[in-house]
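The structure under discussion appears below in the form of structure tokens.
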Amino acid sequence: MKTNELEPTNPEKLLVIGNGFDLACSLKSNISSYLDYAKNKFMPQNFAVILKEVQKYFDENQSWTEGGQTGQPRVESLIGNPNNPTARLLGNVISERINFWDLLFAERKNIDKEWNDVESEIKDVTEGLKTISIKELLMKSEYSLNSSQLKSYVLLLDILSKLRNEFPSNLVEDDNFLINELQSFENNFAAYLQEQFSSEIHSGYRDYLNESEELLQRLSGDSEYNILSFNYTQPYLWTNNEHLHTYKNVHGHIGRPDTDEVDCKINPNAVRTKKISFL
């Protein structure tokens, strides 16, 4: 009997599977493949140019002088200034699909191979914002921001506010802004996986099922087993795995590729580095 709850009962064999399992079954579930997909599918094509020009704009407008007095404009006023080049560079592009994390990972050059690179970046962002919230960041002057990391978040918020056609303060009004944006990132990745199947539904999907079934048989030794999966895929439910007893997908699942079922969500308590939770 296949159930969705891991139980402290026999069988004792527990298979813990992650991204390496899907990669071994010829599914391009690595972060670099997803980032290539995002770049070609919904990210601004001139993203690198926009970042460079917006950085130049902020650097050149860190202070103002009027009536003999010098001051520093707030980040939010720089974002909303008519001289800000972001809207012009984006053109008429409006996108609800793009989120803070998609922009961040596209901007980072060191994320191209492993999902633990993504986890490290999430950790760095949340730790970097322990002493100042996203809301407070908008109220600061760019001149006063004492790290290149915080300044990069300002640039991304600028671009994101233009893509969403929202005032920056409205954009980050929800205290769960970063988690909500992470949910959006997960949904984009789930859609990417669905496309990997549906683009070749008569060959790629079947090949993946056959390879995953064979791999599960080898790993289980044809004996009963439980599965704890960190993937969104569920090939053990899409094939005839008679030895599967119970299963659990930690981060949710995309359902069968020939359906629209999607249930992906991050449980903040389950997102961890080696020792600590950072969300």
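All values derive from a computational prediction rather than experimental measurement.
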_If you define the side chain from C-beta out and look only at heavy atoms, does anything of H251 sit under 4.5 Å from E186?_
yes
*Side-chain donor-acceptor pair under 3.5 Å between S26 and E211, yes or no?*
yes
*Without swapping roles, check the side chain of N84 against the backbone of L78 for a donor-acceptor pair under 3.5 Å.*
yes
*Would you check if the distance from the ring center of F185 to the ring center of F105 is below 6.0 Å?*
yes
*Classify the angle between the aromatic ring planes of Y37 and F42 as parallel (below 30°), tilted (30 to 60°) or perpendicular (above 60°).*
perpendicular
*Less than 4.5 Å apart, any side-chain heavy atom of I227 and any of L14?*
no
*When clusters are formed by joining ILVMFWY residues with side-chain heavy atoms under 4.5 Å apart, either directly or through shared neighbours, do L193 and L23 land in the same one?*
no
*Just jot down the side-chain hydrogen bond (donor to acceptor under 3.5 Å, both in side chains) partners of T233, sequence neighbours excluded, or say none.*
D22, Y208
_Test item: K13 side-chain N/O and S220 main-chain N/O as donor-acceptor pair under 3.5 Å_ = yes
_Between S33 and D36, do the side chains contain a donor N or O and an acceptor N or O under 3.5 Å apart?_
no
*So, do I17 and F230 sit near enough that their side-chain heavy atoms are less than 4.5 Å apart?*
no
*Would you name the heavy atoms of N30 and S32 that are closest together and state the gap between them?*
ND2-OG, 2.7 Å
*Does the pair S152 and R108 meet the rule for a side-chain contact (heavy atoms from CB on, under 4.5 Å), with working shown?*
CA-CA 10 Å; S152 72; R108 296 294 193 260; 3.8 Å; yes
*asked:* Between E96 and R164, does the side-chain contact (heavy atoms from CB on, under 4.5 Å) criterion hold? Intermediate values first, please.
replied: CA-CA 6 Å; E96 290 293 331; R164 298 270 182 87; 3.5 Å; yes
*Could you state the interatomic distance from CG (L155) to CG (L150), rounded to the nearest 0.5 Å?*
11.5 Å
*For E76 and M139, indicate whether the former's side chain and the latter's backbone hold a donor-acceptor pair under 3.5 Å.*
no
*asked:* Within the 3.5 Å criterion, strictly below it, is a donor on E214 or N210 matched to an acceptor on the partner's side chain?
replied: no
*asked:* So that I can tick it off, tell me whether E127 and K123 are bridged by a salt bridge, with the cut-off set at under 4.0 angstrom between side-chain N and carboxylate O.
replied: yes
*Measure across E107 and L156 and return the closest heavy-atom pair with its distance rounded to 0.1 Å.*
CB-CD2, 4.4 Å
*Hey, any chance L178 and I132 share a hydrophobic cluster, counting ILVMFWY side chains that come within less than 4.5 Å of each other, even indirectly?*
yes
*Any chance you could lay out the side-chain contact (heavy atoms from CB on, under 4.5 Å) test for D117 and I31, step after step, and finish with the verdict?*
CA-CA 9 Å; D117 295 331; I31 182 60; 5.6 Å; no
*Calculate, to the nearest 0.5 Å, the distance between atoms CG and CD belonging to L171 and E166 respectively.*
5.5 Å
*Is a side-chain donor-acceptor pair under 3.5 Å present for N188 with D102?*
yes
*Verify same cluster id: V16, V250 (apolar side-chain graph, 4.5 Å)*: yes
*Would you tell me whether E53 and Y57 have side-chain atoms, one donor and one acceptor, within less than 3.5 Å of each other?*
no
*Taking all heavy atoms of P235 and all of S212, pick out the closest pair and write down the distance.*
CB-OG, 3.2 Å
*Tell me yes or no: between the side chains of N249 and Q234, is some donor less than 3.5 Å from an acceptor?*
yes
_For the backbone of K39 and the side chain of Q45, can you confirm whether one donor and one acceptor N or O come within less than 3.5 Å of each other?_
yes
_Validation row: L90, P44 side chains within 4.5 angstrom (heavy atoms)_ = yes
_Could you work out, with side-chain contact (heavy atoms from CB on, under 4.5 Å) as the rule, every residue matching S95, not counting sequence neighbours?_
R97, I98
_Determine whether F58 and V54 satisfy the following criterion, side-chain contact (heavy atoms from CB on, under 4.5 Å), listing intermediate values before the conclusion._
CA-CA 6 Å; F58 272 85; V54 175; 3.6 Å; yes
_Checking side-chain polar atoms at under 3.5 Å, does Y192 have a donor or acceptor matched by the opposite partner on N187?_
no
*Please answer whether the main-chain N or O of I79 pairs with a side-chain N or O of K162 as donor and acceptor at a distance below 3.5 Å.*
yes
_Let me confirm one number: the NZ-CD distance from K28 to Q196, rounded to the nearest 0.5 Å._
7.0 Å
*Starting at CD of E119, measure out to CD of E114 and round the result to the nearest 0.5 Å.*
10.5 Å
*Assess the pair F189 and W115: is the distance between their ring centroids shorter than 6.0 Å?*
yes
_Assess the residue pair E136 and K130 against the criterion (salt bridge (charged side-chain N to carboxylate O under 4.0 Å, His left out)); give the C-alpha distance rounded to whole Å, side-chain angles, the decisive distance to 0.1 Å, and a yes or no._
CA-CA 11 Å; E136 292 169 334; K130 280 183 177 180; over 6 Å; no
*Decide whether D174 and N180 meet the rule of one side-chain donor and one side-chain acceptor closer than 3.5 Å.*
yes
*E224 side chain to L244 backbone, donor-acceptor under 3.5 Å*: no
_Under 4.0 Å between a side-chain nitrogen and a carboxylate oxygen: does that hold for K135 and E173?_
no
*Tell me, please, which residues at least two apart from L219 pass side-chain contact (heavy atoms from CB on, under 4.5 Å).*
L15, F21, L215
_Nearest-0.5 Å distance, CG of residue L103 to CG of residue L157_ = 9.0 Å
*asked:* Donor-acceptor pair, distance only, cut-off 3.5 Å: does the side chain of W101 make one with the backbone of I122?
replied: no
*Do N226 side-chain atoms and H245 backbone N/O form a donor-acceptor pair below 3.5 Å?*
no
